[in-house]
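Throughout, residue positions are numbered sequentially from 1 according to the sequence presented.
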Amino acid sequence: MDTAVPDNEVHTPTLPDEDGAEETGQEIVNPESYIKHPLQNRWSLWFFKNDKSKTWQANLRLISKFDTVEDFWALYNHIQLSSNLISGCDYSLFKDGIEPMWEDERNKRGGRWLLTLNKQQRRLDLDRFWLETLLCLVGEAFGDSSDQVCGAVVNIRTKGDKIAVWTSDYENRDAVTLIGSIYKDRLGLPAKMTIGYQSHSDTATKSGSTTKNRFVV
(Lines give C-alpha, C1' and ligand atoms only; values in the text may rest on other atoms or scores of the structure.)
Protein backbone atom coordinates (compact mmCIF):
# COMPACT_ATOMS: atom_id res chain seq x y z
CA MET A 1 0.00 0.00 0.00
CA ASP A 2 1.35 3.43 -0.90
CA THR A 3 2.21 5.58 2.08
CA ALA A 4 3.05 8.87 0.38
CA VAL A 5 2.81 11.95 2.58
CA PRO A 6 -0.72 13.42 2.27
CA ASP A 7 -1.18 16.98 1.06
CA ASN A 8 -2.81 18.05 4.28
CA GLU A 9 0.00 16.89 6.56
CA VAL A 10 0.71 19.34 9.38
CA HIS A 11 4.40 20.24 9.36
CA THR A 12 6.28 20.89 12.57
CA PRO A 13 7.49 24.43 13.14
CA THR A 14 11.03 25.29 12.13
CA LEU A 15 13.43 24.71 15.00
CA PRO A 16 17.15 25.29 15.32
CA ASP A 17 19.20 22.11 15.58
CA GLU A 18 22.05 21.57 18.01
CA ASP A 19 24.49 23.43 15.75
CA GLY A 20 22.22 26.43 15.45
CA ALA A 21 21.16 25.62 11.86
CA GLU A 22 17.52 25.59 11.02
CA GLU A 23 15.68 22.46 9.88
CA THR A 24 13.21 22.66 7.04
CA GLY A 25 10.42 21.39 9.26
CA GLN A 26 9.45 18.74 6.68
CA GLU A 27 9.38 15.15 7.72
CA ILE A 28 11.89 13.03 5.81
CA VAL A 29 10.15 9.95 4.44
CA ASN A 30 12.21 6.84 3.83
CA PRO A 31 11.74 5.91 0.13
CA GLU A 32 11.56 2.25 1.19
CA SER A 33 8.25 3.01 2.86
CA TYR A 34 6.42 3.84 -0.36
CA ILE A 35 8.37 2.28 -3.24
CA LYS A 36 6.92 -1.13 -4.04
CA HIS A 37 9.26 -4.07 -4.52
CA PRO A 38 8.95 -5.50 -8.05
CA LEU A 39 8.78 -9.22 -8.71
CA GLN A 40 10.73 -10.81 -11.53
CA ASN A 41 7.48 -11.80 -13.27
CA ARG A 42 3.91 -10.56 -13.48
CA TRP A 43 1.44 -13.14 -12.13
CA SER A 44 -2.26 -13.87 -12.61
CA LEU A 45 -4.48 -15.45 -9.96
CA TRP A 46 -7.42 -17.50 -11.25
CA PHE A 47 -10.44 -19.00 -9.51
CA PHE A 48 -12.44 -22.01 -10.68
CA LYS A 49 -15.86 -22.92 -9.33
CA ASN A 50 -17.45 -26.12 -10.56
CA ASP A 51 -20.87 -25.10 -11.84
CA LYS A 52 -22.06 -28.06 -13.91
CA SER A 53 -24.49 -25.83 -15.85
CA LYS A 54 -21.50 -24.01 -17.40
CA THR A 55 -18.58 -25.08 -19.55
CA TRP A 56 -15.19 -25.62 -17.91
CA GLN A 57 -13.81 -22.40 -19.36
CA ALA A 58 -16.89 -20.43 -18.27
CA ASN A 59 -16.23 -21.58 -14.70
CA LEU A 60 -12.68 -20.21 -14.79
CA ARG A 61 -12.35 -16.58 -13.73
CA LEU A 62 -9.35 -14.26 -13.59
CA ILE A 63 -9.26 -12.60 -10.15
CA SER A 64 -6.31 -10.24 -10.37
CA LYS A 65 -2.79 -9.63 -11.66
CA PHE A 66 0.18 -8.37 -9.67
CA ASP A 67 3.90 -7.76 -10.10
CA THR A 68 5.08 -6.43 -6.72
CA VAL A 69 5.61 -8.01 -3.30
CA GLU A 70 3.14 -5.61 -1.70
CA ASP A 71 0.39 -6.33 -4.23
CA PHE A 72 0.88 -10.07 -3.75
CA TRP A 73 0.29 -9.81 -0.02
CA ALA A 74 -2.63 -7.39 -0.46
CA LEU A 75 -4.30 -9.92 -2.74
CA TYR A 76 -3.46 -12.97 -0.62
CA ASN A 77 -4.82 -11.33 2.54
CA HIS A 78 -8.02 -10.28 0.75
CA ILE A 79 -9.18 -13.67 -0.56
CA GLN A 80 -10.51 -16.79 1.13
CA LEU A 81 -8.04 -19.35 2.39
CA SER A 82 -7.96 -22.53 0.33
CA SER A 83 -9.26 -24.54 3.29
CA ASN A 84 -12.44 -22.40 3.32
CA LEU A 85 -13.34 -23.05 -0.32
CA ILE A 86 -16.14 -25.47 -1.15
CA SER A 87 -15.35 -28.77 -2.81
CA GLY A 88 -14.83 -28.49 -6.56
CA CYS A 89 -13.06 -25.11 -6.41
CA ASP A 90 -9.51 -24.32 -7.50
CA TYR A 91 -7.05 -21.47 -7.16
CA SER A 92 -4.41 -21.18 -9.88
CA LEU A 93 -1.43 -18.82 -9.94
CA PHE A 94 0.28 -18.60 -13.34
CA LYS A 95 2.71 -16.29 -15.05
CA ASP A 96 0.89 -13.57 -16.93
CA GLY A 97 0.02 -14.77 -20.42
CA ILE A 98 -0.29 -18.45 -19.46
CA GLU A 99 -3.77 -19.83 -18.82
CA PRO A 100 -4.18 -22.61 -16.21
CA MET A 101 -5.08 -25.36 -18.67
CA TRP A 102 -3.22 -28.17 -20.42
CA GLU A 103 -4.04 -26.79 -23.85
CA ASP A 104 -2.14 -23.54 -23.36
CA GLU A 105 0.89 -23.38 -25.66
CA ARG A 106 3.26 -22.93 -22.69
CA ASN A 107 1.78 -25.88 -20.79
CA LYS A 108 0.98 -28.59 -23.31
CA ARG A 109 4.51 -30.07 -23.47
CA GLY A 110 4.91 -29.85 -19.72
CA GLY A 111 3.74 -31.57 -16.59
CA ARG A 112 3.27 -31.15 -12.86
CA TRP A 113 4.75 -32.06 -9.52
CA LEU A 114 1.69 -33.35 -7.68
CA LEU A 115 1.13 -33.33 -3.93
CA THR A 116 -1.94 -35.27 -2.79
CA LEU A 117 -3.27 -34.55 0.70
CA ASN A 118 -5.53 -36.67 2.86
CA LYS A 119 -8.72 -35.27 4.38
CA GLN A 120 -7.09 -34.42 7.72
CA GLN A 121 -4.42 -32.34 6.01
CA ARG A 122 -6.95 -29.72 4.87
CA ARG A 123 -7.03 -28.51 8.46
CA LEU A 124 -3.40 -29.24 9.30
CA ASP A 125 -1.32 -28.50 6.19
CA LEU A 126 -3.25 -27.21 3.19
CA ASP A 127 -3.05 -23.45 3.73
CA ARG A 128 0.59 -23.59 4.82
CA PHE A 129 1.60 -25.73 1.84
CA TRP A 130 -0.30 -23.53 -0.64
CA LEU A 131 1.22 -20.30 0.72
CA GLU A 132 4.69 -21.82 0.55
CA THR A 133 3.96 -22.87 -3.04
CA LEU A 134 2.99 -19.29 -3.92
CA LEU A 135 6.12 -17.92 -2.28
CA CYS A 136 8.27 -20.39 -4.24
CA LEU A 137 6.73 -19.11 -7.46
CA VAL A 138 6.75 -15.34 -6.93
CA GLY A 139 10.16 -15.52 -5.22
CA GLU A 140 11.73 -17.48 -8.11
CA ALA A 141 12.89 -20.12 -5.61
CA PHE A 142 14.09 -22.55 -8.28
CA GLY A 143 17.08 -20.54 -9.50
CA ASP A 144 17.75 -20.73 -13.23
CA SER A 145 15.09 -23.43 -13.50
CA SER A 146 12.41 -20.92 -12.45
CA ASP A 147 12.05 -20.13 -16.16
CA GLN A 148 10.57 -23.62 -16.53
CA VAL A 149 7.82 -22.93 -13.99
CA CYS A 150 4.44 -21.97 -15.48
CA GLY A 151 2.32 -21.83 -12.35
CA ALA A 152 0.62 -23.81 -9.60
CA VAL A 153 -2.87 -25.11 -8.84
CA VAL A 154 -4.67 -26.11 -5.64
CA ASN A 155 -7.72 -28.38 -6.09
CA ILE A 156 -10.24 -28.56 -3.24
CA ARG A 157 -11.88 -31.98 -3.43
CA THR A 158 -14.01 -34.13 -1.13
CA LYS A 159 -11.75 -37.18 -1.50
CA GLY A 160 -8.59 -35.19 -0.81
CA ASP A 161 -7.07 -31.89 -1.87
CA LYS A 162 -4.21 -31.56 -4.34
CA ILE A 163 -1.47 -29.01 -4.98
CA ALA A 164 0.57 -29.06 -8.18
CA VAL A 165 3.46 -27.05 -9.60
CA TRP A 166 3.31 -26.93 -13.40
CA THR A 167 6.40 -26.77 -15.61
CA SER A 168 6.72 -26.17 -19.34
CA ASP A 169 8.79 -29.12 -20.63
CA TYR A 170 8.63 -32.60 -19.08
CA GLU A 171 11.63 -33.72 -21.17
CA ASN A 172 13.92 -31.24 -19.40
CA ARG A 173 14.84 -33.79 -16.75
CA ASP A 174 17.50 -31.74 -14.95
CA ALA A 175 15.26 -28.71 -14.47
CA VAL A 176 12.20 -30.77 -13.54
CA THR A 177 14.00 -32.82 -10.89
CA LEU A 178 15.73 -29.75 -9.44
CA ILE A 179 12.36 -27.99 -9.13
CA GLY A 180 10.87 -31.05 -7.44
CA SER A 181 13.74 -31.37 -4.96
CA ILE A 182 13.66 -27.70 -3.99
CA TYR A 183 9.87 -27.74 -3.73
CA LYS A 184 9.87 -30.80 -1.47
CA ASP A 185 12.49 -29.17 0.74
CA ARG A 186 10.60 -25.86 0.95
CA LEU A 187 7.43 -27.68 2.03
CA GLY A 188 9.42 -29.44 4.75
CA LEU A 189 8.29 -32.89 3.62
CA PRO A 190 10.03 -35.87 5.25
CA ALA A 191 12.74 -37.54 3.16
CA LYS A 192 10.86 -40.86 3.14
CA MET A 193 7.81 -39.22 1.56
CA THR A 194 7.95 -39.06 -2.24
CA ILE A 195 6.13 -36.76 -4.64
CA GLY A 196 5.69 -37.61 -8.30
CA TYR A 197 5.89 -35.71 -11.57
CA GLN A 198 3.36 -36.45 -14.31
CA SER A 199 3.30 -35.16 -17.87
CA HIS A 200 0.09 -33.45 -18.94
CA SER A 201 -0.09 -35.69 -22.00
CA ASP A 202 -0.21 -38.77 -19.74
CA THR A 203 -2.74 -37.19 -17.39
CA ALA A 204 -5.00 -36.17 -20.27
CA THR A 205 -5.25 -39.71 -21.60
CA LYS A 206 -5.62 -41.59 -18.30
CA SER A 207 -7.57 -41.19 -15.10
CA GLY A 208 -5.56 -39.41 -12.41
CA SER A 209 -5.17 -42.48 -10.21
CA THR A 210 -3.45 -44.48 -12.94
CA THR A 211 -1.18 -41.80 -14.39
CA LYS A 212 2.41 -42.95 -14.12
CA ASN A 213 5.09 -40.74 -12.63
CA ARG A 214 7.83 -39.64 -14.99
CA PHE A 215 10.04 -38.69 -12.01
CA VAL A 216 9.87 -38.90 -8.21
CA VAL A 217 11.77 -37.07 -5.48
Side-chain angles (χ1 to χ4, degrees), residues 41-51 54-66 72 75-76 79-118 121-122 125-142 145-146 148-170 176 179-180 182-184 186-187 189 195-204 206-209 211 213-215 217:
N41 283 287
R42 184 173 176 85
W43 296 87
S44 299
L45 183 68
W46 302 76
F47 177 69
F48 178 88
K49 184 176 181 180
N50 190 19
D51 181 345
K54 298 179 181 178
T55 64
W56 188 91
Q57 285 187 300
N59 282 323
L60 184 66
R61 186 163 59 91
L62 176 63
I63 297 176
S64 185
K65 298 183 180 185
F66 61 87
F72 163 74
L75 177 60
Y76 180 80
I79 61 175
Q80 287 278 1
L81 292 172
S82 300
S83 60
N84 291 334
L85 298 178
I86 62 173
S87 183
C89 292
D90 303 339
Y91 279 137
S92 301
L93 184 75
F94 276 72
K95 288 175 179 172
D96 190 24
I98 306 177
E99 295 191 337
M101 55 186 72
W102 297 331
E103 298 86 354
D104 189 283
E105 190 65 29
R106 293 276 298 276
N107 293 326
K108 64 183 184 181
R109 288 179 296 277
R112 61 179 182 168
W113 282 107
L114 182 63
L115 180 67
T116 303
L117 309 180
N118 61 41
Q121 285 181 286
R122 181 178 298 180
D125 299 318
L126 176 65
D127 293 328
R128 177 169 57 89
F129 283 170
W130 177 237
L131 177 56
E132 191 61 43
T133 303
L134 298 177
L135 294 176
C136 283
L137 265 59
V138 302
E140 311 291 335
F142 307 109
S145 297
S146 292
Q148 287 283 315
V149 173
C150 298
V153 182
V154 57
N155 309 122
I156 307 304
R157 301 292 185 268
T158 304
K159 293 182 179 179
D161 306 320
K162 297 178 180 180
I163 298 176
V165 173
W166 289 29
T167 74
S168 60
D169 182 4
Y170 72 80
V176 168
I179 290 166
I182 293 174
Y183 183 51
K184 180 179 177 180
R186 285 284 296 261
L187 293 181
L189 301 179
I195 57 174
Y197 182 88
Q198 303 166 352
S199 73
H200 295 319
S201 57
D202 288 344
T203 308
K206 300 173 185 175
S207 64
S209 59
T211 304
N213 291 324
R214 297 272 179 160
F215 313 108
V217 293

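A search for side chain to side chain contact (heavy atoms under 4.5 Å, CB included) contacts involving Arg42 returns Lys65, Asp67, Asp96, not counting sequence neighbours. Shown here are the salt bridge (Lys or Arg N to Asp or Glu O under 4.0 Å) partners of Lys54, two or more places apart in sequence or in another chain: there are none. Under the side chain to side chain contact (heavy atoms under 4.5 Å, CB included) criterion, Ser82 pairs with Tyr91, Leu126, Asp127, Trp130, Val154, Ile156, sequence neighbours left out. Under the rule for a ring-ring contact (aromatic ring centres under 6.0 Å, His included), the partners of Phe48 that lie at least two apart in sequence or sit in another chain are Trp56. With sequence neighbours excluded, the residues forming a side chain to side chain contact (heavy atoms under 4.5 Å, CB included) with Glu105 are Lys108, Arg109, listed by chain and number. Taking the side chain to side chain contact (heavy atoms under 4.5 Å, CB included) definition, one finds that Arg128 meets it with Asp125, sequence neighbours left out.
For the residue pair Phe94 and Pro100, the shortest heavy atom distance occurs at CE1-CB, 3.5 Å. Minimum interatomic distance between Phe72 and Leu135 (heavy atoms only, all atoms of both residues): CE2-CD2, 3.7 Å. Here the shortest heavy-atom pairing between Cys89 and Arg157 reads O-NH1, 3.3 Å.
Under the 4.5 Å side-chain criterion, counting only non-hydrogen atoms from C-beta, Leu189 is in contact with Leu115. Residues Leu81 and Tyr76 meet the side-chain proximity criterion, which asks for heavy atoms closer than 4.5 Å.
Residue Arg61 holds its CZ atom at 6.5 Å from CZ of Phe47, rounded to the nearest 0.5 Å.
Residue Arg106 qualifies as open at atom CZ: its count of foreign heavy atoms under 6.0 Å is 12 or below.
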